[in-house]
Amino acid sequence: MAGAWLVGTDVANRRVPRRTVLVAVRQGDGTGDRPPLAELRRLADADGLTVVGVVVQTRARPDPATYLSAGKVAELAVTAQVARADVVIADDDLSRRQTRALEERTRTRVVDRTALILDIFGGHTREDGPVTLPVADRPPCAVIAGYANAGKSMLLNRLSGARARTGDGLFATTAPVVREVGVDGRTLTLADTVGVVRHLPYRRVDAFRSTIEALRHADLTIHVADASAPDVLDQISTVHAVRQEIGAGRVPELLVLNKIDVARPDQLDVLHHTYPDPVAVSARTGEGIAELLRTVATRLRQLELGPVS
């Protein structure tokens, strides 16, 4: 579902998929395991857009005036016109100068990654309120965090029997939720949070403000990682960087490697060697869930008892 800036106020237009050309500047030789602009494609899909073209330029840095070189701007203009694109989306933040230059040369509306993410959140209906963790006389609380589409909501459903919205797309869940889970004769509070992506403008997204507060005040962060993702190491690093930036880096973390039913064995081996004592699970099949519950209960019990002197 698209948001307000993309389709305007004409309700009828919301039924018409908008066509977009994606554009990016990449350093290096442009090679890698992922298709070009894989994540931006998924963000566009989450916003109800149809990708009809891609233009990528390899260079040391974006041009400060036009983002791309003159030749690539001309290529982008042709691509957008031939594909009858409604909007061009850049994978980087654009200055007003760059945006204006690209729009003049392509004769197409131009927005950047941040605007796209804001539109995704603006267009979704919020089904849940902000995360509210008990603050007094409470048992320890665990917050489920991770990169977008790592399977956090599916894991919450598996652990708690909840029916939080899930989907195979970025930001299928746009509002944090809280559920209670019984384990070892006690009740644990679990909070699911909005997923992280690169360059997420989290301070400008209402739903992620709630995520920030939940991560800061949690007793334990259950960091869910998609063990099948080719760039899983980068995704884990991105989540760690965001936690540090928002002041949640000191909260103890339990790394959970999800989607082990479809992950490559060699990639799982790398993850186990890179990170100490992760818990491997499949939220889809239920494999490893019992061990995860026991581990969470043990970690929270240790937090209640405090450090051993």
Side-chain angles (χ1 to χ4, degrees), residues 1 33-35 38-39 41-43 45-46 120 124 127-128 131 142-184 188-197 207 211 214 218 220-239 253-275 277-300:
M1 176 179 177
D33 294 330
R34 293 180 295 168
E39 186 168 278
R41 284 176 177 269
R42 300 185 72 180
L43 287 169
D45 180 69
I120 292 170
H124 278 291
E127 296 181 349
D128 298 280
V131 166
V143 169
I144 300 175
Y147 209 81
N149 203 43
K152 300 181 304 300
S153 295
M154 185 176 291
L155 181 62
L156 175 68
N157 291 345
R158 175 68 70 172
L159 291 172
S160 67
R163 295 183 179 180
R165 182 172 56 188
T166 62
D168 187 21
L170 299 182
F171 301 126
T173 300
T174 58
V177 294
V178 176
R179 295 291 183 265
E180 292 186 342
V181 178
V183 57
D184 291 344
L188 306 179
T189 299
L190 288 179
D192 184 20
T193 57
V194 176
V196 171
V197 294
T211 289
L220 176 67
T221 297
I222 301 175
H223 179 175
V224 183
D226 179 359
S228 69
D231 60 338
V232 59
L233 294 175
D234 289 339
Q235 291 186 8
I236 292 173
S237 295
T238 297
V239 174
E253 178 186 278
L254 172 63
L255 180 63
V256 176
L257 304 179
N258 191 26
K259 305 186 183 181
I260 60 172
D261 53 313
V262 292
R264 298 199 321 264
D266 60 326
Q267 185 155 301
L268 287 172
D269 288 341
V270 170
L271 288 165
H272 279 282
H273 280 90
T274 305
Y275 297 100
D277 303 321
V279 179
V281 306
S282 168
R284 187 179 68 85
T285 67
E287 182 180 357
I289 295 299
E291 179 188 353
L292 174 58
L293 279 171
R294 288 192 296 269
T295 303
V296 170
T298 298
R299 293 287 296 272
L300 291 177

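Starting from 1, each residue takes its place in the sequence as its number.
Residues passing the side chain to side chain contact (heavy atoms under 4.5 Å, CB included) test with Ala229 are Asp226, Asp231, Val232, Gln235, sequence neighbours excluded. Not a single side chain to side chain donor-acceptor pair (under 3.5 Å) links Asp277 to another residue, sequence neighbours left out. Remark: Gln267 engages no residue in a side chain to side chain donor-acceptor pair (under 3.5 Å) (not counting sequence neighbours). For Ser282, the side chain to side chain donor-acceptor pair (under 3.5 Å) partners two or more places apart in sequence, or in a different chain, are Asp261, Thr285. For Ala227, the side chain to side chain contact (heavy atoms under 4.5 Å, CB included) test picks out Leu257, Ala263, Leu268, Leu271, with sequence neighbours left out.
Looking at Asn258, its side chain never comes within 3.5 Å of a backbone N or O of Val224 through a donor-acceptor pair.
Residues Ser153 and Asp192 share a closest heavy-atom pair of OG-OD2, 2.7 Å. Nearest heavy atom pair, residue Ala150 against residue Lys259, reads O-CE, 3.7 Å. Of all non-hydrogen atoms in Val279 and Gly288, the two that sit nearest each other are CG1-O, 4.4 Å. Nearest heavy-atom pair, Ala214 versus Val143, reported as atom, atom and distance to 0.1 Å: O-CG2, 3.5 Å. Here the shortest heavy-atom pairing between Val197 and Ala148 reads CG1-CB, 3.6 Å. Ser228 and Val262 get closest at one heavy-atom pair: CB-CG2, 3.8 Å.
One finds the CG atom of Leu233 at 10.5 Å from the OG1 atom of Thr238 (value rounded to the nearest 0.5 Å). Atom-to-atom distance recorded for His272:NE2 and Leu255:CG is 9.0 Å, nearest 0.5 angstrom. In this structure, the separation between CG on Asn149 and CE on Met154 is 9.0 Å, given to the nearest 0.5 Å. In this structure, CG on Leu292 lies 12.0 Å from CZ on Arg158, to the nearest 0.5 angstrom. Here the OG1 atom belonging to Thr274 is positioned 8.0 Å from the CD1 atom belonging to Ile236, to the nearest 0.5 angstrom. Here Leu190 contributes atom CG and Leu220 contributes atom CG; the two are 9.5 Å apart, rounded to the nearest 0.5 Å.
Sorted pairs that involve residues 287-298 and meet salt bridge (charged side-chain N to carboxylate O under 4.0 Å, His left out), not counting sequence neighbours, are lacking altogether.
Glu253 and Tyr275 share no donor-acceptor pair across their side chains, judged by distance under 3.5 Å alone.
For the pair Ser160 and Glu180, the minimum side-chain heavy-atom distance is 4.5 Å or more.
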